[in-house]
Amino acid sequence: MIRINENFDKLQASYLFSEIARRVREYQATGPARSIIRLGIGDVTEPLPPACIAALHRAVDELAVSSSFRGYGPEQGYDFLREAIARADFQARGAAIDADEIFVSDGAKCDTANIQELFDRRIKIAIPDPVYPVYVDTNVMAGRTGSARGGRYSGLVYLPCTARNGFVPSPPRRAVDLIYLCYPNNPTGATATREQLQAWVDYARTNRALILFDAAYEAFIRDPALPHSIYEVDGAQEVAIEFRSFSKTAGFTGTRCAFTVVPKRCLAYTAAGAARPLHPLWNRRHTTKFNGVSYPVQRAAEAVYSDEGQAQIRALNDGYLGNAAVIRQTMRQLGFKVAGGENSPYIWVRTGCDSWSFFDRLLKEAQIVTTPGAGFGRCGEGYIRISAFNRRDTVEEAMERLRRIAL
Ligand code: PLP
């Protein structure tokens, strides 16, 4: 008898964005002509940078000619891209990461979801609350939790991220084995200072734990005092894996390219306490289950690191950050407490009522889609996330609508 993985039954009823889509669909059906503004899901709206488009075209032409045709590439990514990443994203910031510590992939979602395969089923996992749901759900599927009650799974250690701690949790008193951190944060828009990351790295070293650091929104950091990578912090290479993505950095959400950094010094342990480097394990997993990102897409990602590519992504993301500033300012003027929106494309707004009611109100009274904070965890209750990924005129129109309804 073929049996299902019953851990899937523990997953909570609906994935956040499907529930949002359902409510929007039902509302739209009551008035098809309504113009709905989407400031919910974190998808980009602007076209790919011209440097990436030119690189894509060139690479496609290469594939049309037998002398430059390429079939399967290296599963870990082409050297031209891995070297460009290592130089620009790490070595230039004083982090000694080598090209062969970088694994190119088709998304930070897949990588943050798949990485848990390297670890024992019985490890203790610390999860921020609120959180990007992928970290939790993939561990539920893998059987590392009990069932959910009141929005929380037994077996996980939750790290509340609240206004009180500036949405950056301190390490817990008890020992955990695996810690998920994401800065700049989705959903709160918070950023972590070097000192805060150092405290986590020190904790991980003391407890022989591992940090999974999701830096998908790194490109939005403008404050020169903030670290862009966890490897800017002393000792991080032994205790942290970092995830990056071209999705938000360069508008690749539909094009698909990302990478994971597994330093060769990064360790985990056998049941007997023997230290084992994680690099060969991830290499084995990656090469067994993944066959590489397409050549044109890797050439497009490489173009991000050219002088023109850098100028173009800076302008692109400055545009989104400008939207974030408009949203922040409007919500403040309307009397709301807001976090995020600086060094981050997300604005975290305290609603003064429950998240889904506020979501429904904005949808029905202003035809604006946001994301209810409660969907990201219990500590997200009473907040909504507003995304700055949109065109400026659309954001301005949305803010105008909010001013018109007496919020
Ligand atoms: N990590 C975080 C925190 C995200 O918010 C997202 C997408 O919204 C991802 C990863 C997914 O990135 P990718 O498009 O590379 O799969």
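Remember, it's a predicted structure, so these values are computed and weren't measured experimentally. Counting starts at 1 for both ligands and their atoms, following the listed order.
- The pair Arg23-Glu26 does not meet the salt-bridge criterion, since no charged nitrogen lies less than 4.0 angstrom from a carboxylate oxygen.
- At under 3.5 Å, not a single nitrogen or oxygen of Tyr132, backbone or side chain, sits near a nitrogen or oxygen of ligand 1.
- Remark: Arg378 is not positioned above the aromatic ring of Tyr158, lacking an NZ or CZ atom under 6.0 angstrom from the ring centre and at most 45 degrees off the axis.
- Cation-pi contact between Arg299 and Phe80: present, with separation from the ring centre below 6.0 Å and deviation from the ring axis of at most 45°.
- For a threshold of 3.5 Å applied to N or O pairs, the pair formed by Asn186 and ligand 1 contains at least one separation below that value.
- Near Ser247, meaning under 4.0 Å from any of its heavy atoms, are these atoms of ligand 1: 13 (P), 14 (O), 15 (O).
- A salt bridge does not link Asp177 with Arg208: every distance from a Lys NZ or Arg NE/NH1/NH2 to an Asp or Glu carboxylate oxygen is 4.0 Å or more.
- Remark: ligand 1 and Tyr217 share an N or O pair separated by less than 3.5 Å (distance only, no angle test).
- In terms of polar-atom proximity, Lys248 is counted as a contact of ligand 1, with an N or O under 3.5 Å from an N or O of the ligand.
- In terms of polar-atom proximity, defined here as any N/O pair under 3.5 Å, Gly107 makes no such contact with ligand 1.
- Atom CD of Glu365 is separated from atom CG of Asp360 by 10.5 Å, given to the nearest 0.5 angstrom.
- For ligand 1, the polar-atom distance check finds an N/O of Arg256 within less than 3.5 Å of one of the ligand's N/O atoms.
- Within the structure, the salt bridge (Lys or Arg N to Asp or Glu O under 4.0 Å) test picks out no pair touching residues 329-338 (sequence neighbours left out).
- Close approach of ligand 1 to Asp214 (heavy-atom distance below 4.0 Å) involves ligand atoms 1 (N), 2 (C), 3 (C), 10 (C).
- The distance from ligand 1 to the heavy atoms of Cys182 drops below 4.0 Å at these ligand atoms: 3 (C).
- Between His228 and Phe220, the ring center distance fails the sub-6.0 Å criterion.
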